[in-house]
Amino acid sequence: MSDRAGTDGPGSDTKPPALLTVLSGPSGVGKTTLAAQVRKAHPEVWLSVSATTRTPRPSEVDGVHYFFHDRPTFEDLIAKGEFLEHAEYAGNLYGTPRRPVEERLDAGQPVLLEIELQGARQIRASMPSARLVFLAPPSWEVLEQRLRGRGTEPEAVIAKRLATGRDELAAECEFDVTIVNTSIEQAAAELARLVTAPAPRR
Ligand code: 5GP
C-alpha cells in the first residue's frame with residue numbers, strides 16, 4: 001500500500017479519524033467484495049447504499065444493494081439536492097443519498113462510500129477531510145479477466161466499462177492511498193486499518 005496522506009496508522013497522529021472513506025477504482029477491480037469484507041470484520045463501519053438507474057442484476061435487492069429508480073425519479077432527486085454526489089457512468093446515473101451519510105457522520109460513525117471517479121472528485125471538493133482510497137488491479141489483464149469473468153454485463157457494456165477504466169487508472173494520483181487488490185484478505189485488512197486511521201493532512 002502507498003499512502004500519500006503520510007499517515008502511519010491509528011495512534012500515529014493526534015488528529016481524529018477521517019470518518020468518511022471513499023473507495024474508488026475501475027469497474028471489476030473488486031470494490032464491492034472488499035467493502036463487504038471490511039463490513040464483516042467492522043460492523044461499526046456504515047456502508048452507504050447508492051441510488052442508480054441501472055437495471056438490477058439477478059442477485060440484487062432494492063434497498064439493499066442499491067435503490068433502483070427510473071431516470072425521471074433520479075433526476076427529480078438531483079434537482080431536490082438529495083445526493084451528496086452523483087455521476088453518469090456507462091449510460092446510467094449513480095448517486096449517494098445525502099441524508100443517511102450526514103446523519104451517520106454527525107453521530108460519529110465511520111462511513112464508507114463505494115463510488116466511481118467523478119463522484120470521488122465531488123466528495124474531495126465538498127468534503128476535503130474525507131480519505132480517498134484507490135483500489136487498483138494487479139494488472140490490466142487481471143481487470144479485464146475479472147470484468148468478463150463475472151458474467152454480469154453484455155460485451156458492449158464491458159467494453160464501455162473497460163474504456164472508462166483506463167481513465168480511472170490514470171487518476172490514481174488524485175487519491176490519498178492506493179491499495180493493490182492482489183489478495184482480498186490483505187486488501188481488506190489495509191482498508192480496515194484506514195477507516196479508523198487519522199484524517200489525511202491537507
Ligand atoms: P455497478 O453498475 O457495477 O454496480 O457500478 C458501476 C460503477 O458505479 C462502480 O464503479 C461503482 O463503484 C459506481 N457507483 C456505485 N454507486 C455509486 C454512487 O453512488 N455514486 C457514484 N459516483 N458512483 C457509484
Side-chain angles (χ1 to χ4, degrees), residues 20-39 46-71 73-75 77-78 80-102 104-105 111-127 130-137 140 143-172 174-175 178-179 181 184 187 191:
L20 182 60
T21 303
V22 174
L23 179 64
S24 205
S27 178
V29 74
K31 300 188 292 288
T32 307
T33 310
L34 187 59
Q37 192 89 354
V38 168
R39 272 269 310 147
W46 187 74
L47 181 60
S48 165
V49 179
S50 295
T52 184
T53 60
R54 168 167 76 59
T55 307
R57 294 175 186 142
S59 62
E60 288 178 331
V61 177
D62 188 33
V64 175
H65 300 94
Y66 278 106
F67 295 104
F68 295 99
H69 297 307
D70 56 27
R71 193 171 268 262
T73 304
F74 197 106
E75 285 171 348
L77 291 169
I78 296 175
K80 289 180 174 149
E82 296 282 343
F83 293 118
L84 203 55
E85 59 72 36
H86 62 88
E88 177 128 18
Y89 177 91
N92 288 299
L93 295 168
Y94 294 81
T96 303
R98 176 189 298 280
R99 233 168 303 160
V101 172
E102 289 180 346
R104 260 75 181 194
L105 292 176
V111 170
L112 182 59
L113 305 185
E114 187 239 290
I115 60 177
E116 53 69 72
L117 177 63
Q118 303 165 72
R121 285 175 172 156
Q122 290 169 39
I123 297 291
R124 159 106 326 144
S126 63
M127 304 171 97
R131 183 189 306 277
L132 265 58
V133 179
F134 188 82
L135 187 63
W140 178 257
L143 182 69
E144 210 169 342
Q145 278 163 19
R146 284 188 188 162
L147 202 49
R148 289 187 200 285
R150 70 185 188 185
T152 49
E153 275 84 29
E155 182 54 37
V157 175
I158 291 173
K160 223 186 234 183
R161 286 178 178 238
L162 283 171
T164 307
R166 289 222 180 263
D167 294 337
E168 290 181 303
L169 285 179
E172 185 205 323
E174 296 176 32
F175 287 73
T178 293
I179 296 175
N181 196 6
I184 183 72
L191 182 60

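Counting starts at 1 for both ligands and their atoms, following the listed order.
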Spacing of E116 atom CD and L23 atom CG [to the nearest 0.5 Å]: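 Answer for the CD-CG pair, E116 versus L23, is 12.5 Å.
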
Flag for D167-T164: side-chain donor and acceptor within less than 3.5 Å: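 There is no such pair between these side chains.
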
Side-chain donor-acceptor contact under 3.5 Å, E85 with S126: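 Side-chain D/A pair, E85 to S126: absent.
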
Option among E153, R150, K160 that satisfies the side-chain contact (heavy atoms from CB on, under 4.5 Å) test with S27: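 Answer after filtering E153, R150, K160: R150.
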
Salt bridge (Lys or Arg N to Asp or Glu O under 4.0 Å) partners of R121, counting only residues at least two apart: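 R121 satisfies salt bridge (Lys or Arg N to Asp or Glu O under 4.0 Å) with E174 only.
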
Shell of residues surrounding ligand 1, defined by a 4.0 angstrom heavy-atom cut-off that is strict: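 Within the 4.0 Å shell of ligand 1, which is judged on heavy atoms, sit K31, S50, R54, R57, Y66, E85, A87, Y89, Y94, G95, T96, E114, I115, E116, G119, R150, R161.
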
Ring-face cation of R39 near W46 (centre distance under 6.0 Å, axis angle within 45°):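 No, cation not above the ring by the 6.0 Å, 45° rule.
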
